[in-house]
Amino acid sequence: MKKWMKIGIPLAALAILVAWYAFRPERLVVNRQVDEAMPTTQSGSPAQLLETGHFYSILHPTQGAATIYQLADGTRILRLTNFTTSNGPDVHVYMVASDDAKDAAIVQQAGFIDLGVLKGNIGDQNYQLVSDVDLSKYRAVSIWCKRFSVNFGAAPLKPAASSENTTSAETESASISSQ
């Protein structure tokens, strides 16, 4: 066997393995469904609606609602409902310090808080916010692929109307019936 084949074949195999790991092409066709319930506190008090917004697509088709609730114990959560996006490698949920997260440059320049790996690319899911997140500063949610620094989709958040006394179940029902 020629010398270049003894070196070329292992190098080609290594390149294929590295490319597979980087791109994870199987994730483009495999969906992860998540159906988390709205968290409740022991007192059973309804969650207070603080912020709400709807996802729009940027680099990948993304839709659903992003809502921030405060539970009776003071815990705040970001809840994604009726959520769908593309699957991919190393996709995270970010709270972005901007009014919107229209592109990758805004996310990177404005700053963000990483809420963790996206639990699933389809379904309802919850992400706990740290207590010191300033909701007047962090005004958008981004579905972000860390591996390639791309924004799949975003949801600008708006404060809930203070005159509304809407519980989480009423909000989710309204969101589901409007679609």
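As a basis for the values below, the full set of heavy atoms in this structure was taken, side chains included, without hydrogen atoms, waters or symmetry mates.
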Check the pair Val107 / Lys102 against side-chain contact (heavy atoms from CB on, under 4.5 Å), numbers first and verdict last. CA-CA 8 Å; Val107 174; Lys102 294 179 182 180; over 6 Å; no
Under the side-chain contact (heavy atoms from CB on, under 4.5 Å) rule, what do Asp100 and Tyr56 come out as? Steps first, then yes or no, please. CA-CA 11 Å; Asp100 202 350; Tyr56 62 90; 2.7 Å; yes
Trace of the side-chain contact (heavy atoms from CB on, under 4.5 Å) decision for Thr84 with Thr62: CA-CA 6 Å; Thr84 62; Thr62 304; over 6 Å; no
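At a threshold of 4.5 Å between non-hydrogen side-chain atoms, the residues Arg76 and Leu135 count as touching. Side-chain contact check for Met38 versus Arg79: some heavy-atom pair is nearer than 4.5 Å. Taking 4.5 Å as the limit, some side-chain heavy atom of Gln108 sits within range of a side-chain heavy atom of Ser149. Using a 4.5 Å heavy-atom threshold, the side chains of Phe112 and His92 count as separate. Here the side chains of Asp124 and Leu80 are not in contact, with every heavy-atom distance at 4.5 Å or above. Between Thr67 and Leu78, every side-chain heavy-atom pair lies at or beyond the 4.5 Å cut-off. Within the 4.5 Å cutoff, side-chain heavy atoms of Gln128 are placed close to those of Thr75. Side-chain contact between Val96 and Val141 is absent, with no heavy-atom pair separated by less than 4.5 Å.
A side-chain contact (heavy atoms from CB on, under 4.5 Å) with Leu59 holds for exactly one of Val150, Asp103, Thr85; it is Val150.
Ala72 approaches Ser45 most closely through the heavy-atom pair CB-CB, 3.6 Å. The shortest non-hydrogen separation linking Ile58 to Ala101 is CD1-O, 3.1 Å. Here the closest heavy-atom approach between residue Ala155 and residue Ala66 is recorded as CB-CB, 4.0 Å. Pairing each heavy atom of Gly123 with each of Asp35, the nearest pair is CA-OD1, 4.2 Å. Arg139 approaches Lys158 most closely through the heavy-atom pair NH2-CA, 3.7 Å. The minimum heavy-atom distance between Leu118 and Asn121, with the atom names listed, is CD2-CA, 4.1 Å.
Separation of atoms CG (Leu14) and CD1 (Ile9) is listed at 14.0 Å; rounding is to 0.5 Å. One finds the CG atom of Leu129 at 11.5 Å from the CG atom of Asp134 (value rounded to the nearest 0.5 Å). With rounding to the nearest 0.5 angstrom, the CZ atom of Arg32 is 8.5 Å from the CD atom of Gln125. Remark: Leu115 CG to Ile77 CD1 distance equals 11.5 Å, nearest 0.5 Å. Taking NZ of Lys137 as the reference point, atom OG of Ser98 lies at 11.5 Å (rounded to 0.5 Å). In this structure, the separation between CZ on Phe152 and OG on Ser86 is 6.0 Å, given to the nearest 0.5 Å.
In the hydrophobic clustering of this structure, Tyr127 groups with Tyr138; members are Ile, Leu, Val, Met, Phe, Trp, Tyr whose side-chain heavy atoms approach within less than 4.5 Å, directly or through other members. Linking Ile, Leu, Val, Met, Phe, Trp and Tyr residues whenever their side-chain heavy atoms come within less than 4.5 Å leaves Tyr94 and Val130 in two separate clusters. In this structure, Ile143 is not a member of the same hydrophobic cluster as Ile106, with clusters built from ILVMFWY side-chain heavy atoms closer than 4.5 Å. Ile122 and Val93 fall into different hydrophobic clusters, where Ile, Leu, Val, Met, Phe, Trp and Tyr side chains are chained together by heavy-atom contacts under 4.5 Å. Taking hydrophobic clusters as Ile, Leu, Val, Met, Phe, Trp and Tyr residues chained together by side-chain heavy-atom distances below 4.5 Å, Phe148 shares a cluster with Val91.
Within the cation-pi definition used here (under 6.0 Å to the ring centroid, within 45° of the axis), Lys119 does not qualify as a partner of Phe83.
Asn31 and Gln33 form no side-chain donor-acceptor contact under 3.5 Å, judged by distance and modelled atom types alone. Side-chain atoms of Asn151 and Ser142 form a donor-acceptor pair, as typed in the model, at a separation below 3.5 Å.
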